[in-house]
J.: 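A single structure is presented below for examination.
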Amino acid sequence: MNIVVLVKHVPDAQFDRHLTGPGHTLNRAESILSELDEYALEAALQLAEARGGESAGNRVTALAMGPAAAVNAVKKSLQIGAYAGVHLADDALAGSDAAGTSLALAAAVRAIAESQGPVDLVITGMASTDGETSLVPAQLAERLQLAQVTFASELDVVDVDGAPVVKARRDGDSFTETVEAPLPALVSVTDQANSPRYPNFKGIMAAKKKPVTVLTLAEIGVDPAQVGHDGAWTAVAASAPRPPRSQGTIITDDGTAGVQLVDYLAAQKLI
Amino acid sequence: MASVLVFLDVPALPLPRAARELLTLAGTVGEPAVAAAHRVDPAMLDALASHGAVKVYEPAGELDTVLVAAKAAFLADAAKTEQPAAILLGNSFEDREIAARAGIKLGSGVITDAVAVAPDLAVTKSVLAGSYTSTCRVRTGTPIITVKANSVEPAPADPSAAAPQRVEVPLSETGPAARVTGRSGKRVSGRPELAEARVIVAGGRGMDGNFGPVEELADLLGGAVGASRAATDAGWIEHSAQVGQTGKTVSPQLYISAGISGAIQQKAGMQTAKVIVAVNKDADAPVFEIADFGIVGDVFSVLPQAAEEIRKRRA
Ligand SMILES: Cc1cc2nc3c(=O)[nH]c(=O)nc-3n(C[C@H](O)[C@H](O)[C@H](O)COP(=O)(O)OP(=O)(O)OC[C@H]3O[C@@H](n4cnc5c(N)ncnc54)[C@H](O)[C@@H]3O)c2cc1C
């Protein structure tokens with residue numbers, strides 16, 4: 001099976017994050033592999049391993065798009081266990097919105113298919129932890145005309161009448177559903193799907209020998225005018241940090257805190 | 001007047017608050033038209049009319065159960081006919097995916113997580129886990145905007161409103177798609193929907209397997225029950241109650257956090273609540289940094305005492 005996993009290099013949410021400059025773009029120092037993409041990578045590795053791993057002809061390629069430093073997301077993925085990496089790096093990509101991102105990633109997936117053979121599965125995290133829109137997986141499915149299985153909390157690929165079929169479980173608000181799609185398909189997984197593994201010493205050493213292919217927009221046939229700030233279908237006009245919450249009242253329970261809580265709610269007209 | 005197309009996937013009446021909010025918002029920008037994912041019966045048509053809809057698009061037959069693909073195709077087809085000034089949807093995962101795919105089909109930019117939409121279609125949204133507010137615009141195509149619940153006050157119904165025009169949209173090819181093979185309903189709690197609730201009482205690992213006090217307080221306040229991931233992972237409450245980065249983002253009037261430490265991923269889902277109350281026995285818990293009213297104490301004495309006090313005052 002040939003699996004492409006999308007991995008994004010995003011600012012670490014443990015630190016304060018800031019929007020800066022005329023484009024209100026995110027300061028990308030202190031970036032890491034998006035935590036939510038670790039679940040996607042783990043899902044891909046498990047599916048490939050269940051079919052005999054790399055030696056049985058399975059492929060797990062980590063694909064990142066972004067500036068030079070984004071290659072770190074690919075490298076981390078290789079340390080965790082991805083078999084190969086692709087970094088789509090082009091200055092013209094800076095400031096891409098979901099539409100531009102999905103356009104470029106779709107072209108990159110097609111380029112991978114051209115060099116490696118058909119891609120059976122594209123696996124992504126449920127959202128990026130920076131943009132948080134969840135738009136890209138669905139837009140990628142639309143652009144590549146792949147069956148779309150998003151927010152999978154369980155995932156398997158089984159043979160049905162000789163053809164591979166992805167089976168997944170999704171947890172909705174009022175119901176849980178099982179879904180099925182023929183391959184090729186796009187799957188996004190939630191943080192319920194698995195427990196991502198950590199890179200170990202062996203993985204870190206092995207990663208040094210794994211190939212990372214760098215692609216430019218010209219190589220994947222994307223017009224720079226269609227991506228980045230200029231090609232974005234949306235624009236940020238203004239941004240501001242949310243005013244910090246004013247210092248609240250903190251009390252220590254002396255046996256009457258429950259009553260004081262009700263007093264507070266009453267004063268705020270909340271009951 | 002330009003129209004604003006509202007996508008609604010409402011199988012039954014009464015119209016949920018979120019749907020009424022979208023119609024109200026559409027009315028402040030233009031003339032509301034509805035793209036209904038299901039065929040509408042006369043009662044539903046009346047309900048939509050009384051909330052401002054002047055036109056209702058419906059699929060010519062039942063849409064295929066192929067996750068969002070068929071709904072996105074239907075919405076794009078309705079939009080091609082209507083040529084609205086903007087398209088509004090809710091902000092659930094499913095609504096955002098429908099918006100995403102319709103956006104590609106229509107060549108239109110999509111903005112998610114809107115909390116306000118100005119008459120000139122400038123969109124205010126909260127970003128970076130609620131730590132920033134930004135104003136965005138769609139530059140290309142028909143603006144497609146997904147709006148968070150509790151963003152506008154729904155206008156009261158106008159029972160005398162004229163019947164809306166009905167427009168059938170022929171079913172179109174959806175392309176390769178995933179099919180729903182099974183669905184198991186979850187129990188209905190009778191509490192408000194978490195994403196829409198005005199009051200939420202949420203419990204974390206500190207509830208130690210016993211959500212009784214959280215549920216009791218939520219019911220007394222007419223609120224929904226939320227949870228941290230630690231509590232849902234432990235199986236104390238269903239996953240759909242999870243608030244946070246990978247759960248729901250909520251903006252209620254009141255969020256009571258009980259036995260939750262306030263990790264960044266939890267804050268990401270609730271820090272835009274109007275009033276935050278926190279109960280935690282650890283005075284250093286990060287949740288106190290954002291609490292309007294914090295109680296350093298044991299959830300098992302504070303919550304029941306508060307519940308008792310509310311009952312006493314109401315008696
Ligand atoms: C990719 C990813 C996504 C995540 N998404 C989410 C998400 O969407 N939502 C989310 O919530 N978390 C999420 N998390 C997990 C998050 O990082 C925290 O682990 C989680 O929120 C902790 O839950 P908690 O506060 O209930 O538990 P803990 O951190 O263990 O805190 C329990 C708190 O309860 C207090 N306590 C214990 N007993 C009592 C008592 N009797 N009375 C009063 N207080 C008591 C303790 O002092 C402590 O502060 C995510 C993590 C990752 C890695």
Side-chain angles (χ1 to χ4, degrees), chain A residues 13-14 17 19 24 36 97-99 102 126 129 132-135 138-139 141-143 145-151 171 173-182 185 190-192 232-242 245 248-253 257-259 261-262 264 268 270-271, chain B residues 67-69 93 96-97 100-101 103-105 108-112 122 127-141 175-186 221 239-240 245-246 253-254 264 275 277 288 290-297 301-302 305-306 309-310 313:
Chain A
Q14 299 295 339
R17 296 175 293 174
L19 297 171
H24 306 275
L36 298 179
D97 67 351
S102 62
M126 62 185 278
T129 55
E132 302 167 339
T133 66
S134 284
L135 294 173
Q139 295 200 324
E142 179 75 34
R143 289 189 187 276
Q145 282 298 296
L146 297 176
Q148 164 191 339
V149 179
T150 41
F151 303 107
D171 295 310
D173 277 352
S174 49
F175 51 77
T176 290
E177 58 191 13
T178 49
V179 302
E180 247 178 60
T190 72
D191 59 340
Q192 305 294 302
W233 293 357
T234 57
V236 183
S239 73
R242 213 170 48 85
R245 299 191 84 95
T249 312
I250 311 280
I251 62 164
T252 300
D253 187 14
V259 175
L261 169 56
V262 178
Y264 174 80
Q268 299 288 318
L270 287 164
I271 45 174
Chain B
L67 296 188
V68 299
F93 287 133
R96 279 187 274 165
E97 291 186 356
R101 298 192 65 145
I104 298 300
K105 288 180 193 291
S108 296
V110 182
I111 297 176
T112 61
V127 293
L128 296 182
S131 64
Y132 266 71
T133 304
S134 68
T135 310
C136 304
R137 281 189 168 283
V138 169
R139 304 191 334 182
T140 306
R179 197 160 290 282
V180 178
T181 51
R183 182 169 286 176
S184 58
K186 291 181 186 156
L221 296 170
H239 175 66
S240 57
Q245 183 191 38
T246 53
Q253 297 291 316
L254 171 64
I264 178 85
V275 172
V277 169
F288 287 125
I290 57 165
D292 298 288
F293 189 73
I295 296 171
V296 181
S301 48
V302 178
Q305 187 181 64
E309 182 67 16
I310 293 170
R313 292 190 193 188

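Letters go in sequence order (proteins before strands), and every chain restarts at 1. No hydrogens, no waters, no symmetry mates; every other heavy atom, side chains included, goes into these values.
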J.: Counting heavy-atom pairs under 4.5 Å with chain A, which one of B/Gly141, B/Gly109, B/Gly294 comes out on top?
T.: B/Gly294
J.: For A/Glu132, which residues count as a side chain to side chain donor-acceptor pair (under 3.5 Å) partner, sequence neighbours excluded?
T.: none
J.: Of all heavy-atom pairs between B/Phe93 and A/Met126, which one has the smallest distance, and what is that distance?
T.: CZ-CE, 3.7 Å
J.: Please examine the side chains of A/Leu261 and B/Gln305, heavy atoms only from C-beta on, and report whether any two atoms are closer than 4.5 Å.
T.: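 The answer is no, as the side chains (C-beta and beyond) never meet within the 4.5 Å cut-off.
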J.: State, with a plain yes or no, whether a side-chain heavy atom of B/Thr246 is found less than 4.5 Å away from one of A/Leu36.
T.: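 Side-chain contact under 4.5 Å: yes.
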J.: Compare every heavy atom of A/Val262 with every heavy atom of B/Ala306, then report the nearest pair and how far apart it is.
T.: O-CG2, 3.4 Å
J.: Under 4.5 Å from any heavy atom of chain B, what part of A/Ala257 do you find: side chain, backbone, both or neither?
T.: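 Both backbone and side chain of A/Ala257 come within 4.5 Å of chain B.
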J.: Which atoms of B/Val277 are under 4.5 Å from chain A, going by heavy atoms: the side chain, the backbone, both sets, or neither?
T.: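 Side chain only.
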J.: If only atom types and distance count, is the side chain of B/Arg183 paired as donor or acceptor with the main-chain N or O of A/Phe175 below 3.5 Å?
T.: no
J.: Apply salt bridge (Lys or Arg N to Asp or Glu O under 4.0 Å) to A/Arg143 and list each qualifying residue two or more places apart in sequence or on a separate chain.
T.: none
J.: Sort out for me which of A/Val149, A/Val259, A/Leu270, A/Thr252 touches chain B most, counting heavy-atom pairs under 4.5 Å.
T.: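 Among A/Val149, A/Val259, A/Leu270, A/Thr252, the one with the most close pairs to chain B is A/Val259.
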J.: When rounded to the nearest 0.5 angstrom, what is the spacing between CD in A/Gln268 and CG in B/Leu254?
T.: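 Here the rounded value is 9.0 Å.
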J.: Do the side chain of B/Arg139 and the main chain of A/Ala235 share a donor and acceptor less than 3.5 angstrom apart?
T.: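 No, B/Arg139 side chain to A/Ala235 backbone: no donor-acceptor pair under 3.5 Å.
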J.: Can you measure from OH (A/Tyr264) to CZ (B/Phe293) and round to the nearest 0.5 angstrom?
T.: 7.5 Å
J.: Using a 4.5 Å cut-off on heavy atoms from C-beta on, say whether the side chain of A/Ser134 contacts that of B/Glu97.
T.: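 With C-beta onward as the side chain, the pair stays apart.
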J.: Under 4.5 Å from any heavy atom of chain B, what part of A/Ile251 do you find: side chain, backbone, both or neither?
T.: both
J.: Mind ranking A/Gln148, A/Glu142, A/Gln139 by heavy-atom pairs under 4.5 Å with chain B and telling me who comes out on top?
T.: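 Sorted descending by pairs with chain B, the first entry is A/Glu142.
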J.: Of the non-hydrogen atoms in A/Pro182 and B/Ala177, which two are nearest, and what is the gap between them?
T.: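 Looking at all heavy atoms of both residues, the closest pair is CD-O, 4.0 Å.
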J.: Can you see which heavy atom on A/Arg17 is nearest to which on B/Leu128, and at what distance?
T.: NH2-C, 3.6 Å
J.: Do A/Leu19 and B/Val127 touch side chain to side chain, with heavy atoms closer than 4.5 Å?
T.: yes
J.: Using a cut-off of under 4.5 Å on heavy-atom pairs, state which of B/Lys105, B/Gln245, B/Arg313, B/Arg96 scores highest against chain A.
T.: B/Arg313
J.: Quick one: closest heavy-atom pair of A/Asp253 and B/Ser301, and the distance?
T.: OD2-OG, 3.9 Å
J.: Between B/Leu67 and A/Glu177, what is the shortest heavy-atom contact and its length?
T.: CD2-OE2, 3.5 Å
J.: Quick check for you: among A/Val236, A/Asp191, A/Thr133, which has the greatest number of heavy-atom pairs under 4.5 Å with chain B?
T.: A/Asp191
J.: Is the shortest side-chain heavy-atom distance between B/Val110 and A/Trp233 below 4.5 Å?
T.: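 No, their side chains stay 4.5 Å or more apart.
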J.: When heavy-atom pairs shorter than 4.5 Å are enumerated against chain A, which of B/Ala291, B/Ala178, B/Ala69 gives the highest number?
T.: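 Greatest number of close heavy-atom pairs with chain A: B/Ala178.
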J.: Please classify the contact of B/Ile290 with chain A as side chain, backbone, both or neither, using a heavy-atom distance under 4.5 Å.
T.: both
J.: What I want to check is whether the side chains of B/Thr181 and A/Thr178 have a donor and an acceptor closer together than 3.5 Å.
T.: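 On atom types as modelled, these side chains qualify, holding a pair under 3.5 Å.
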J.: Let me know if B/Ala129 has heavy atoms under 4.5 Å from chain A in its side chain, its backbone, both or neither.
T.: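 For B/Ala129, the contact with chain A is made by backbone and side chain together.
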J.: Kindly compute the distance separating CG (B/Asp292) from CZ (A/Arg245), expressed to the nearest 0.5 Å.
T.: 4.5 Å
J.: Please check: side-chain N/O of B/Arg137 versus main-chain N/O of A/Ala237, any donor-acceptor pairing under 3.5 Å?
T.: no
J.: In terms of heavy-atom pairs under 4.5 Å with chain A, which of B/Ile264, B/Ile104, B/Val68, B/Thr112 leads?
T.: B/Ile104
